[in-house]
There are 2 protein chains.
Amino acid sequence: MAARTDTAHATEAADAALTREVVDLIASIVSRYHEEYEAAAAQYGLTGAQARVLALLAREPLPMRRIAEQLKCEPSNVTGIVDRLEARGLVERRPDPADRRVKVAAATEAGAQTADRLRSGLTFAREPLAGLSAQERRALRDLLRRMLDMPAG
Amino acid sequence: MAARTDTAHATEAADAALTREVVDLIASIVSRYHEEYEAAAAQYGLTGAQARVLALLAREPLPMRRIAEQLKCEPSNVTGIVDRLEARGLVERRPDPADRRVKVAAATEAGAQTADRLRSGLTFAREPLAGLSAQERRALRDLLRRMLDMPAG
DNA sequence: TATTGTTATACTCTATAACTATA
DNA sequence: TATAGTTATAGAGTATAACAATA
């Protein structure tokens, strides 16, 4: 083993502490993000899963199987979630003319409106970001991209 | 309405796009974080909630009510989660000599070991961070702190 | 035969309310 | 009376397996 200086050891320890602090901060953000999302959904009488599906369908109609892929869950679960959204008039199932096995779920007018309002209500992440300068937001964007292994774009 | 330059409008639009991109990146991180956490828990036959409670108790023993506070759920839910952890020998309930109403849940030796291994397996957030220089990690830390409205510390 | 969506089943998490044993 | 924990209950999300309709 090569001998190393005390300084090298001290630097490693500081690095580890710094990394750990950033990891903890990210955990805090994850926690806050979820809390706010669930609370916003609850304001409209929706569960988190229902709100997520509604948000997906507000962007574009999707076959049941595609919803399951987006949610990373089994297709059988989607049946119940869409059932509940449909019972409240926020979503509807349409046949696919090209393949009669497929049912395409789509947000209704009311569903799209609810999705919009819900999205507008999600102030966390958007509000604190407003306090950062454009340069800081760019710096944050670039660092987050690198964390996600995304190209510099 | 005061007249404004095209440049001002263009800047606002770019700002909004930037903010939205950062928000989407954060959503991606939240999603990844959860996926990895659930997958790591599943490797040990634990649900996400069970893994979170075990992680809490590996740090320090806690009365049932304190666990509920940390999880932000009703105390009645904790009974079942701790029941399942206890049935697997990962956690045990101890009496509190100072107040005989209280039951203190604590990780067993096996539980602490599982919690350690689980924590070590959570590479997301830690691994990509290793690719950032100390200066970049400090920059990220400061930006995240500001997002969380935390003092510069 | 393979695929889409559903149903049936079982388990977990969740909140609410009622209960017990302490304080 | 108030508090800590539990039990009972009901609703929702989840995975697995089996099924009907369609490809």
Side-chain angles (χ1 to χ4, degrees), chain A residues 31 34-57 61-88 90-106, chain B residues 31 34-57 61-88 90-106:
Chain A
S31 175
H34 258 94
E35 278 170 45
E36 178 172 325
Y37 198 88
E38 298 285 321
Q43 283 188 324
Y44 295 93
L46 298 172
T47 64
Q50 288 165 11
R52 277 189 290 278
V53 169
L54 184 57
L56 280 176
L57 300 182
L62 287 172
M64 304 298 280
R65 198 149 286 252
R66 299 292 152 266
I67 299 174
E69 285 168 7
Q70 297 281 325
L71 258 61
K72 298 183 208 304
C73 73
E74 294 301 313
S76 60
N77 300 326
V78 180
T79 298
I81 298 172
V82 169
D83 279 351
R84 283 161 217 126
L85 288 170
E86 195 167 28
R88 295 181 46 186
L90 301 174
V91 155
E92 63 185 7
R93 273 181 252 235
R94 301 172 184 161
D96 180 346
D99 186 338
R100 293 196 300 173
R101 291 174 303 181
V102 174
K103 289 179 190 168
V104 179
Chain B
S31 175
H34 259 93
E35 279 169 44
E36 178 172 325
Y37 198 87
E38 298 286 322
Q43 283 188 322
Y44 295 93
L46 298 172
T47 64
Q50 287 165 12
R52 276 188 291 279
V53 169
L54 184 58
L56 279 175
L57 300 181
L62 288 172
M64 302 298 281
R65 199 148 288 251
R66 299 290 153 267
I67 299 174
E69 285 168 7
Q70 298 280 326
L71 258 60
K72 298 184 207 304
C73 74
E74 293 301 312
S76 60
N77 300 326
V78 180
T79 298
I81 297 171
V82 169
D83 278 351
R84 283 161 218 127
L85 288 170
E86 196 167 28
R88 294 183 44 189
L90 301 175
V91 155
E92 63 185 7
R93 273 181 253 235
R94 301 172 185 161
D96 179 347
D99 186 338
R100 291 195 302 171
R101 293 173 301 180
V102 174
K103 288 179 190 169
V104 178

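In what follows, every chain begins at residue 1, and chains take the letters A, B, ... in the order their sequences are listed.
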If you find the nucleotide of DNA chain D closest to Asn77(B) and the one closest to Arg66(B), which residue's nucleotide is nearer the 5' end? Arg66(B)
Quick check: on DNA chain D, is the nucleotide nearest Pro63(B) upstream (toward 5') of the one nearest Ala98(A), or the reverse? Name the residue that is more 5'. Pro63(B)
To the nearest 0.5 Å, tell me how far Leu54(A) CG sits from Arg84(A) CZ. 14.5 Å
For the atom pair CD (Gln70(B)) and CG (Leu57(B)), what is the distance rounded to the nearest 0.5 Å? 10.0 Å
Side chain of Pro75(B) only, please: which of dT6(D), dG13(D), dT14(D) is the nearest? dT6(D)
Which listed nucleotide (dT7(D), dT4(C), dT7(C)) is nearest to the side chain of Thr79(A)? dT7(C)
How many Å lie between [atom1] on [X] and [atom2] on [N], as a whole number?
{"X": "Met64(A)", "N": "dT7(C)", "atom1": "CE", "atom2": "P", "answer": "10 Å"}
{"X": "Glu74(A)", "N": "dA10(C)", "atom1": "CD", "atom2": "C1'", "answer": "15 Å"}
{"X": "Glu69(B)", "N": "dA4(D)", "atom1": "CD", "atom2": "C1'", "answer": "12 Å"}
{"X": "Glu35(B)", "N": "dT14(D)", "atom1": "CD", "atom2": "C1'", "answer": "15 Å"}
{"X": "Arg101(B)", "N": "dA2(D)", "atom1": "CZ", "atom2": "C1'", "answer": "8 Å"}
{"X": "Arg84(A)", "N": "dT14(D)", "atom1": "CZ", "atom2": "C1'", "answer": "11 Å"}
{"X": "Ile81(B)", "N": "dT6(D)", "atom1": "CD1", "atom2": "C1'", "answer": "14 Å"}
{"X": "Asp96(A)", "N": "dA21(D)", "atom1": "CG", "atom2": "C1'", "answer": "14 Å"}

Let me see the working for Tyr44(B) and Gln50(B) under side chain to side chain contact (heavy atoms under 4.5 Å, CB included), right down to the final yes or no. CA-CA 10 Å; Tyr44(B) 295 93; Gln50(B) 287 165 12; over 6 Å; no
According to a strict under-4.0 Å criterion, is [X] in side-chain N/O contact with OP1 or OP2 of [N]?
{"X": "Lys103(B)", "N": "dA21(C)", "result": "no"}
{"X": "Arg100(B)", "N": "dA23(C)", "result": "yes"}
{"X": "Arg93(A)", "N": "dT6(C)", "result": "yes"}
{"X": "Lys72(A)", "N": "dT14(D)", "result": "no"}

For Arg65(A), answer base if it contacts any base atom (sugar-phosphate contacts may also be present), sugar-phosphate if it contacts only those atoms, and nothing otherwise; contact means non-hydrogen atoms under 4.0 Å. base
Side-chain contact test, heavy atoms from C-beta onward, threshold under 4.5 Å: evaluate it for Val53(A) versus Val91(A) and give yes or no. no
May I ask you to verify whether the side chain of Ser76(B) and the base of dT14(C) hold a donor-acceptor pair under 3.5 Å? no
Arg88(B) side chain to Gly45(B) main-chain N or O, any donor-acceptor pair under 3.5 Å? yes
